[in-house]
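Take a look at the structure set out below.
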Protein chains: 2
Amino acid sequence: MKLSTRGRYGVRLMFDLALHYGNGPIYLKDIAERQGISAKYLWQLINPLKSTGLINSTRGAHGGYVLGKEPERISLKEILQVLEGSLCLVDCVDSPSLCERSPSCISREIWGEASKGMQQMLENTTLATMVLRQQEKLQNEAGK
Amino acid sequence: MKLSTRGRYGVRLMFDLALHYGNGPIYLKDIAERQGISAKYLWQLINPLKSTGLINSTRGAHGGYVLGKEPERISLKEILQVLEGSLCLVDCVDSPSLCERSPSCISREIWGEASKGMQQMLENTTLATMVLRQQEKLQNEAGK
DNA sequence: CTTATCTCTACTGTTTTGGTAGAGATTATA
DNA sequence: TATAATCTCTACCAAAACAGTAGAGATAAG
(Lines give C-alpha, C1' and ligand atoms only; values in the text may rest on other atoms or scores of the structure.)
Protein backbone atom coordinates (compact mmCIF):
# COMPACT_ATOMS: atom_id res chain seq x y z
CA MET A 1 0.00 0.00 0.00
CA LYS A 2 2.97 2.30 0.16
CA LEU A 3 4.52 4.12 -2.73
CA SER A 4 8.12 2.97 -3.14
CA THR A 5 11.09 5.30 -3.35
CA ARG A 6 10.99 4.95 -7.11
CA GLY A 7 7.69 6.77 -7.27
CA ARG A 8 8.46 9.26 -4.55
CA TYR A 9 11.92 10.16 -5.73
CA GLY A 10 10.76 10.19 -9.33
CA VAL A 11 8.14 12.81 -8.62
CA ARG A 12 10.67 14.94 -6.78
CA LEU A 13 13.06 14.57 -9.71
CA MET A 14 10.40 15.71 -12.15
CA PHE A 15 9.28 18.47 -9.83
CA ASP A 16 12.85 19.77 -9.64
CA LEU A 17 13.00 19.81 -13.43
CA ALA A 18 9.70 21.68 -13.49
CA LEU A 19 11.03 24.32 -11.10
CA HIS A 20 13.91 24.92 -13.52
CA TYR A 21 11.87 24.55 -16.68
CA GLY A 22 13.14 26.88 -19.43
CA ASN A 23 16.66 27.18 -18.02
CA GLY A 24 18.25 24.65 -20.34
CA PRO A 25 19.58 21.23 -19.32
CA ILE A 26 19.81 20.51 -15.61
CA TYR A 27 22.60 18.36 -14.16
CA LEU A 28 21.50 15.22 -12.42
CA LYS A 29 24.18 15.94 -9.83
CA ASP A 30 22.51 19.22 -8.91
CA ILE A 31 19.09 17.64 -8.62
CA ALA A 32 20.55 14.92 -6.43
CA GLU A 33 22.12 17.51 -4.13
CA ARG A 34 19.03 19.67 -3.89
CA GLN A 35 16.80 16.69 -3.20
CA GLY A 36 19.23 14.83 -0.98
CA ILE A 37 19.11 11.65 -3.06
CA SER A 38 22.03 9.65 -4.49
CA ALA A 39 22.63 10.58 -8.13
CA LYS A 40 23.32 6.94 -8.94
CA TYR A 41 19.96 5.95 -7.67
CA LEU A 42 18.17 8.79 -9.44
CA TRP A 43 19.73 7.73 -12.68
CA GLN A 44 17.85 4.44 -12.53
CA LEU A 45 14.64 6.40 -12.82
CA ILE A 46 15.81 8.35 -15.84
CA ASN A 47 15.66 5.49 -18.29
CA PRO A 48 11.96 4.71 -18.07
CA LEU A 49 11.12 8.41 -17.94
CA LYS A 50 13.14 9.03 -21.09
CA SER A 51 11.69 6.15 -23.04
CA THR A 52 8.16 7.42 -22.39
CA GLY A 53 9.09 10.93 -23.46
CA LEU A 54 8.61 12.58 -20.09
CA ILE A 55 12.27 13.63 -20.09
CA ASN A 56 14.81 14.56 -22.75
CA SER A 57 18.55 14.48 -22.26
CA THR A 58 21.66 16.14 -23.67
CA ARG A 59 24.92 14.25 -23.43
CA GLY A 60 28.45 15.42 -22.86
CA ALA A 61 29.73 18.44 -20.97
CA HIS A 62 27.01 20.98 -20.18
CA GLY A 63 24.55 18.23 -20.78
CA GLY A 64 21.68 17.33 -18.52
CA TYR A 65 17.94 16.81 -18.49
CA VAL A 66 14.83 18.76 -19.39
CA LEU A 67 11.14 17.94 -19.24
CA GLY A 68 9.81 16.31 -22.38
CA LYS A 69 6.76 18.61 -22.43
CA GLU A 70 5.37 21.56 -20.51
CA PRO A 71 4.77 21.08 -16.78
CA GLU A 72 1.06 21.73 -17.37
CA ARG A 73 0.90 18.61 -19.49
CA ILE A 74 2.62 16.19 -17.12
CA SER A 75 0.38 14.65 -14.48
CA LEU A 76 1.57 12.77 -11.45
CA LYS A 77 -0.41 9.82 -12.67
CA GLU A 78 1.77 9.60 -15.77
CA ILE A 79 4.96 9.76 -13.77
CA LEU A 80 3.84 7.17 -11.27
CA GLN A 81 2.53 4.79 -13.89
CA VAL A 82 5.93 4.80 -15.55
CA LEU A 83 7.82 4.21 -12.32
CA GLU A 84 5.47 2.07 -10.27
CA GLY A 85 3.39 0.32 -12.90
CA SER A 86 -0.38 0.24 -12.87
CA LEU A 87 -1.87 2.43 -10.15
CA CYS A 88 -4.33 -0.14 -8.87
CA LEU A 89 -4.59 -1.48 -5.37
CA VAL A 90 -4.62 -5.01 -6.77
CA ASP A 91 -3.50 -6.35 -10.14
CA CYS A 92 -6.68 -8.23 -10.95
CA VAL A 93 -8.53 -4.93 -11.43
CA ASP A 94 -6.67 -4.19 -14.64
CA SER A 95 -6.05 -7.83 -15.59
CA PRO A 96 -9.10 -9.90 -14.68
CA SER A 97 -7.56 -13.02 -16.15
CA LEU A 98 -5.16 -13.19 -13.19
CA CYS A 99 -7.86 -14.72 -11.05
CA GLU A 100 -10.65 -17.08 -11.97
CA ARG A 101 -12.90 -15.46 -9.38
CA SER A 102 -12.75 -12.08 -11.13
CA PRO A 103 -16.13 -12.14 -12.87
CA SER A 104 -18.05 -12.66 -9.65
CA CYS A 105 -15.66 -11.04 -7.19
CA ILE A 106 -17.15 -8.22 -5.15
CA SER A 107 -13.82 -7.41 -3.52
CA ARG A 108 -12.35 -6.80 -6.92
CA GLU A 109 -15.05 -4.27 -7.74
CA ILE A 110 -14.38 -2.44 -4.49
CA TRP A 111 -10.63 -2.34 -5.10
CA GLY A 112 -11.31 -0.87 -8.50
CA GLU A 113 -13.50 1.88 -7.12
CA ALA A 114 -11.09 2.78 -4.34
CA SER A 115 -8.22 2.90 -6.83
CA LYS A 116 -10.19 5.32 -8.97
CA GLY A 117 -10.61 7.77 -6.13
CA MET A 118 -6.88 8.04 -5.81
CA GLN A 119 -6.15 8.00 -9.53
CA GLN A 120 -8.43 10.91 -10.32
CA MET A 121 -6.65 13.06 -7.80
CA LEU A 122 -3.29 12.13 -9.30
CA GLU A 123 -4.50 12.66 -12.84
CA ASN A 124 -5.73 16.17 -12.10
CA THR A 125 -2.49 17.18 -10.43
CA THR A 126 0.28 18.28 -12.80
CA LEU A 127 3.83 19.44 -12.22
CA ALA A 128 2.57 22.96 -12.90
CA THR A 129 0.10 22.57 -10.02
CA MET A 130 2.96 21.67 -7.74
CA VAL A 131 5.11 24.58 -8.87
CA LEU A 132 2.23 26.97 -8.27
CA ARG A 133 1.57 25.63 -4.82
CA GLN A 134 5.24 25.83 -3.98
CA GLN A 135 5.27 29.52 -4.95
CA GLU A 136 2.18 30.23 -2.89
CA LYS A 137 3.78 28.55 0.06
CA LEU A 138 6.94 30.61 -0.21
CA GLN A 139 4.92 33.83 -0.42
CA ASN A 140 2.95 32.93 2.66
CA GLU A 141 6.17 32.28 4.52
CA ALA A 142 7.59 35.63 3.41
CA GLY A 143 4.42 37.47 4.38
CA LYS A 144 4.62 36.44 8.02
CA MET B 1 1.33 0.64 -4.33
CA LYS B 2 -0.26 -2.76 -4.19
CA LEU B 3 -2.31 -4.17 -1.40
CA SER B 4 -0.58 -7.24 -0.01
CA THR B 5 -2.23 -10.62 0.44
CA ARG B 6 -2.72 -9.79 4.10
CA GLY B 7 -5.18 -7.07 3.22
CA ARG B 8 -6.81 -8.87 0.35
CA TYR B 9 -7.19 -12.20 2.11
CA GLY B 10 -8.23 -10.48 5.29
CA VAL B 11 -11.14 -8.75 3.59
CA ARG B 12 -12.24 -12.01 2.01
CA LEU B 13 -12.03 -13.69 5.41
CA MET B 14 -14.20 -11.01 6.98
CA PHE B 15 -16.57 -11.05 4.03
CA ASP B 16 -17.00 -14.79 4.42
CA LEU B 17 -17.85 -14.28 8.07
CA ALA B 18 -20.32 -11.58 7.08
CA LEU B 19 -22.04 -13.93 4.63
CA HIS B 20 -22.56 -16.39 7.49
CA TYR B 21 -23.32 -13.80 10.14
CA GLY B 22 -25.85 -15.10 12.64
CA ASN B 23 -25.12 -18.80 12.02
CA GLY B 24 -22.88 -19.25 15.05
CA PRO B 25 -19.13 -19.86 14.97
CA ILE B 26 -17.58 -20.58 11.58
CA TYR B 27 -14.65 -22.95 11.18
CA LEU B 28 -11.49 -21.43 9.81
CA LYS B 29 -11.05 -24.61 7.80
CA ASP B 30 -14.31 -24.01 5.99
CA ILE B 31 -13.45 -20.41 5.21
CA ALA B 32 -10.09 -21.50 3.90
CA GLU B 33 -11.71 -24.04 1.60
CA ARG B 34 -14.37 -21.69 0.31
CA GLN B 35 -11.86 -18.94 -0.35
CA GLY B 36 -9.08 -21.18 -1.61
CA ILE B 37 -6.54 -19.90 0.91
CA SER B 38 -4.34 -21.93 3.26
CA ALA B 39 -5.88 -22.11 6.74
CA LYS B 40 -2.45 -21.72 8.32
CA TYR B 41 -1.93 -18.47 6.50
CA LEU B 42 -5.39 -17.18 7.31
CA TRP B 43 -4.77 -17.82 10.95
CA GLN B 44 -1.99 -15.24 10.96
CA LEU B 45 -4.59 -12.62 10.15
CA ILE B 46 -6.87 -13.69 12.98
CA ASN B 47 -4.70 -12.41 15.80
CA PRO B 48 -4.68 -8.73 14.89
CA LEU B 49 -8.35 -8.87 13.94
CA LYS B 50 -9.21 -10.38 17.32
CA SER B 51 -7.18 -7.95 19.34
CA THR B 52 -8.99 -5.02 17.72
CA GLY B 53 -12.38 -6.59 18.36
CA LEU B 54 -13.32 -7.15 14.73
CA ILE B 55 -13.55 -10.87 15.38
CA ASN B 56 -14.52 -13.05 18.33
CA SER B 57 -13.56 -16.69 18.73
CA THR B 58 -14.82 -19.80 20.47
CA ARG B 59 -12.28 -22.48 21.31
CA GLY B 60 -12.56 -26.22 21.35
CA ALA B 61 -14.75 -28.54 19.34
CA HIS B 62 -17.55 -26.74 17.50
CA GLY B 63 -15.55 -23.58 18.01
CA GLY B 64 -14.80 -21.02 15.35
CA TYR B 65 -15.07 -17.36 14.57
CA VAL B 66 -17.78 -14.71 14.38
CA LEU B 67 -17.73 -11.02 13.56
CA GLY B 68 -17.14 -8.79 16.57
CA LYS B 69 -19.97 -6.46 15.55
CA GLU B 70 -22.66 -6.20 12.88
CA PRO B 71 -21.50 -6.16 9.25
CA GLU B 72 -22.99 -2.67 8.89
CA ARG B 73 -20.53 -1.37 11.43
CA ILE B 74 -17.33 -2.83 9.96
CA SER B 75 -15.77 -0.78 7.19
CA LEU B 76 -13.08 -1.98 4.86
CA LYS B 77 -10.92 0.84 6.10
CA GLU B 78 -10.94 -0.63 9.60
CA ILE B 79 -9.99 -4.07 8.35
CA LEU B 80 -7.21 -2.81 6.15
CA GLN B 81 -5.78 -0.52 8.79
CA VAL B 82 -5.45 -3.46 11.13
CA LEU B 83 -3.80 -5.69 8.54
CA GLU B 84 -1.79 -3.28 6.43
CA GLY B 85 -1.11 -0.42 8.80
CA SER B 86 -1.80 3.18 7.96
CA LEU B 87 -3.62 3.60 4.65
CA CYS B 88 -1.38 6.36 3.32
CA LEU B 89 0.61 6.32 0.13
CA VAL B 90 3.67 7.44 2.10
CA ASP B 91 4.44 7.26 5.80
CA CYS B 92 5.40 10.91 6.23
CA VAL B 93 1.77 11.94 5.69
CA ASP B 94 0.76 10.54 9.06
CA SER B 95 4.15 10.99 10.73
CA PRO B 96 5.69 14.27 9.57
CA SER B 97 8.66 13.80 11.86
CA LEU B 98 9.96 11.04 9.57
CA CYS B 99 11.34 13.65 7.19
CA GLU B 100 12.80 17.05 7.89
CA ARG B 101 11.34 18.35 4.63
CA SER B 102 7.78 17.66 5.76
CA PRO B 103 6.75 21.22 6.69
CA SER B 104 7.57 22.64 3.26
CA CYS B 105 7.05 19.52 1.13
CA ILE B 106 4.50 19.92 -1.63
CA SER B 107 4.76 16.26 -2.61
CA ARG B 108 3.74 15.29 0.87
CA GLU B 109 0.58 17.41 0.62
CA ILE B 110 -0.29 15.76 -2.66
CA TRP B 111 0.24 12.26 -1.29
CA GLY B 112 -2.04 13.13 1.59
CA GLU B 113 -4.82 14.30 -0.69
CA ALA B 114 -4.57 11.30 -2.99
CA SER B 115 -4.65 8.96 -0.01
CA LYS B 116 -7.81 10.63 1.22
CA GLY B 117 -9.61 9.94 -2.04
CA MET B 118 -9.07 6.26 -1.57
CA GLN B 119 -9.69 6.21 2.16
CA GLN B 120 -13.11 7.82 1.92
CA MET B 121 -14.22 5.15 -0.49
CA LEU B 122 -12.98 2.43 1.85
CA GLU B 123 -14.52 4.07 4.89
CA ASN B 124 -17.96 4.26 3.30
CA THR B 125 -17.88 0.63 2.26
CA THR B 126 -18.87 -1.87 4.92
CA LEU B 127 -19.12 -5.64 4.95
CA ALA B 128 -22.90 -5.19 4.73
CA THR B 129 -22.41 -3.24 1.50
CA MET B 130 -20.46 -6.14 0.08
CA VAL B 131 -23.04 -8.71 1.13
CA LEU B 132 -25.77 -6.65 -0.48
CA ARG B 133 -23.90 -6.30 -3.71
CA GLN B 134 -23.16 -9.99 -3.76
CA GLN B 135 -26.88 -10.77 -3.43
CA GLU B 136 -27.76 -8.35 -6.20
CA LYS B 137 -25.17 -9.97 -8.40
CA LEU B 138 -26.55 -13.44 -7.80
CA GLN B 139 -30.09 -12.28 -8.57
CA ASN B 140 -29.00 -10.71 -11.82
CA GLU B 141 -27.30 -13.93 -12.78
CA ALA B 142 -30.43 -15.93 -11.98
CA GLY B 143 -32.68 -13.53 -13.89
CA LYS B 144 -30.90 -14.03 -17.18
C1' DC C 1 42.83 16.73 -25.23
C1' DT C 2 40.83 17.21 -21.00
C1' DT C 3 36.98 17.59 -18.19
C1' DA C 4 32.23 17.16 -17.09
C1' DT C 5 28.49 14.95 -18.00
C1' DC C 6 25.35 11.19 -19.39
C1' DT C 7 24.96 5.88 -20.24
C1' DC C 8 25.18 1.21 -19.12
C1' DT C 9 25.95 -3.42 -16.81
C1' DA C 10 26.40 -5.74 -12.91
C1' DC C 11 26.39 -6.64 -8.24
C1' DT C 12 24.86 -6.72 -3.25
C1' DG C 13 22.76 -6.49 1.27
C1' DT C 14 18.37 -5.85 3.66
C1' DT C 15 13.56 -6.06 4.29
C1' DT C 16 9.10 -7.64 3.18
C1' DT C 17 6.13 -11.06 1.69
C1' DG C 18 3.96 -15.35 1.51
C1' DG C 19 3.85 -19.57 3.39
C1' DT C 20 4.83 -24.03 6.30
C1' DA C 21 5.69 -27.18 10.48
C1' DG C 22 4.54 -28.96 14.54
C1' DA C 23 3.36 -28.92 19.35
C1' DG C 24 0.04 -27.37 22.87
C1' DA C 25 -4.54 -25.71 24.89
C1' DT C 26 -9.54 -26.00 25.03
C1' DT C 27 -14.10 -27.85 24.76
C1' DA C 28 -18.37 -30.66 23.01
C1' DT C 29 -19.92 -34.99 22.99
C1' DA C 30 -19.98 -39.93 23.08
C1' DT D 1 -13.29 -39.73 31.09
C1' DA D 2 -11.52 -40.38 26.51
C1' DT D 3 -11.23 -38.44 22.05
C1' DA D 4 -11.70 -35.80 18.23
C1' DA D 5 -12.14 -31.28 16.43
C1' DT D 6 -10.94 -26.94 16.82
C1' DC D 7 -8.37 -22.81 18.11
C1' DT D 8 -3.54 -20.95 19.76
C1' DC D 9 1.21 -20.20 19.54
C1' DT D 10 6.32 -20.17 18.34
C1' DA D 11 9.47 -20.79 15.09
C1' DC D 12 11.28 -21.23 10.78
C1' DC D 13 12.08 -20.72 5.66
C1' DA D 14 12.41 -19.40 0.63
C1' DA D 15 11.61 -16.11 -2.80
C1' DA D 16 10.85 -11.62 -4.33
C1' DA D 17 11.09 -6.70 -4.00
C1' DC D 18 13.56 -2.79 -2.53
C1' DA D 19 17.26 0.42 -2.03
C1' DG D 20 21.55 1.38 -3.14
C1' DT D 21 26.62 0.97 -4.93
C1' DA D 22 30.74 0.24 -8.20
C1' DG D 23 33.09 1.05 -12.03
C1' DA D 24 33.91 1.40 -16.88
C1' DG D 25 32.51 3.51 -21.28
C1' DA D 26 30.41 7.12 -24.57
C1' DT D 27 29.78 11.95 -25.79
C1' DA D 28 30.46 16.74 -26.39
C1' DA D 29 32.07 21.61 -24.91
C1' DG D 30 35.84 24.51 -24.39
Side-chain angles (χ1 to χ4, degrees), chain A residues 1-13 16-17 20 23-33 35-51 54-68 80 83-86 89-92 98-99, chain B residues 1-13 16-17 20 23-33 35-51 54-68 80 83-86 89-92 98-99:
Chain A
M1 257 301 304
K2 295 285 174 250
L3 227 48
S4 74
T5 51
R6 276 177 74 86
R8 286 187 287 128
Y9 290 1
V11 166
R12 278 165 63 190
L13 164 64
D16 195 287
L17 286 179
H20 299 86
N23 299 0
I26 308 296
Y27 304 150
L28 192 58
K29 206 182 80 179
D30 288 348
I31 302 178
E33 272 176 18
Q35 301 295 327
I37 306 173
S38 136
K40 286 278 188 187
Y41 190 62
L42 274 186
W43 180 80
Q44 294 186 351
L45 313 180
I46 296 284
N47 252 332
L49 292 170
K50 269 190 64 178
S51 64
L54 291 178
I55 274 185
N56 289 327
S57 64
T58 315
R59 304 184 64 166
H62 295 184
Y65 300 98
V66 293
L67 292 184
L80 291 176
L83 295 174
E84 299 261 355
S86 128
L89 288 180
V90 303
D91 284 324
C92 62
L98 286 178
C99 175
Chain B
M1 258 300 305
K2 296 284 175 253
L3 228 48
S4 72
T5 50
R6 274 176 76 86
R8 285 186 288 131
Y9 290 2
V11 166
R12 278 165 61 190
L13 163 65
D16 195 287
L17 286 178
H20 300 87
N23 299 1
I26 308 295
Y27 304 150
L28 192 56
K29 205 182 79 177
D30 288 349
I31 302 179
E33 272 176 19
Q35 300 295 328
I37 306 173
S38 135
K40 286 277 185 186
Y41 189 62
L42 273 186
W43 181 81
Q44 294 186 353
L45 313 180
I46 297 282
N47 251 332
L49 291 170
K50 269 191 65 178
S51 63
L54 292 178
I55 275 184
N56 290 326
S57 65
T58 315
R59 305 185 62 165
H62 294 183
Y65 300 98
V66 294
L67 292 183
L80 290 177
L83 296 175
E84 300 261 354
S86 129
L89 288 180
V90 303
D91 285 323
C92 63
L98 286 180
C99 176

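Residue numbers start from 1 in every chain, and the chains themselves are labelled A, B, ... in the order their sequence lines are given, proteins ahead of strands.
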A:R8 side chain vs B:V90 backbone, donor-acceptor pair below 3.5 Å:
no
Distance below 4.0 Å between B:S38 side-chain N/O and C:dT20 OP1 or OP2:
yes
Assign each of B:I26 and A:L3 the nucleotide of DNA chain D bearing its closest heavy atom; nearer the 5' end lies the nucleotide of B:I26
Side chains of A:T5 and A:Y41 in contact at under 4.5 Å (non-hydrogen atoms)
yes
Among D:dG20, D:dC7, C:dT5, the one nearest any side-chain atom of B:Y27 is D:dC7
Output the single nucleotide from C:dT7, C:dA28, D:dT8 whose closest atom is nearest the side chain of B:H62.
C:dA28
When we call it a touch if two heavy atoms are under 4.0 Å apart, what does A:K50 touch: a base, just sugar-phosphate, or nothing?
sugar-phosphate
Over how many whole Å does the gap from B:E84 atom CD to C:dG18 atom C1' extend?
13 Å
Within the 4.5 Å heavy-atom criterion, are A:L89 and A:M1 side-chain neighbours or not?
yes
Can you name the closest pair of heavy atoms from A:P25 and A:T58 and give their distance?
CG-OG1, 3.9 Å
Suppose we call a contact any N or O donor and acceptor under 3.5 Å apart; does that hold for the side chain of B:Q44 and the base of C:dT17?
no
Whole-Å gap separating P (D:dA17) and CG (A:D91)
11 Å
Figure out the NZ/P separation between A:K29 and C:dT3, and round it to whole Å.
14 Å
Starting at atom CG of A:N56, determine the distance to atom P of C:dT7, rounded to an integer number of angstrom.
11 Å
Going by heavy atoms in the side chains, are A:L49 and A:L13 under 4.5 Å from each other?
yes
When you measure from the side chain of B:Y9, which nucleotide among C:dG19, D:dT8, D:dA24 comes out closest?
C:dG19
Take the protein atom CG of A:L45 and the nucleotide atom P of D:dA19, then report the distance between them rounded to whole Å.
11 Å
Given C:dA4, D:dA19, C:dT7, the nucleotide with the shortest approach to the side chain of A:I46:
C:dT7
Hey, is the main chain of A:R6 close enough, under 3.5 Å, to the side chain of A:E84 for a donor-acceptor pair?
no
What's the CD-C1' distance between B:E33 and D:dT6, to the nearest Å?
14 Å
Among D:dT10, D:dA19, C:dC6, the one nearest B:W43 by side-chain distance:
D:dT10
Separation of D:dC7 atom P from B:L42 atom CG, nearest Å, is 11 Å
Which whole-number value in Å describes the distance from B:L83 CG to C:dG18 P?
12 Å
Side chain of B:K40 only, please: which of D:dA22, C:dT27, C:dG22 is the nearest?
C:dG22
B:N47 or B:M1: which one's nearest nucleotide on DNA chain D is closer to the 5' end?
B:N47
A:T5 vs D:dC18: side-chain N/O to OP1/OP2 distance below 4.0 Å
no
Selected nucleotide, minimal atom distance to A:Y41 side chain, candidates D:dA19, C:dG24, C:dG22
D:dA19
Between B:S57 and D:dT8, is there a contact of a side-chain N or O with OP1 or OP2 at under 4.0 Å?
yes
Nearest to side-chain heavy atoms of A:S4, which nucleotide of C:dA28, C:dT7, D:dA19
D:dA19
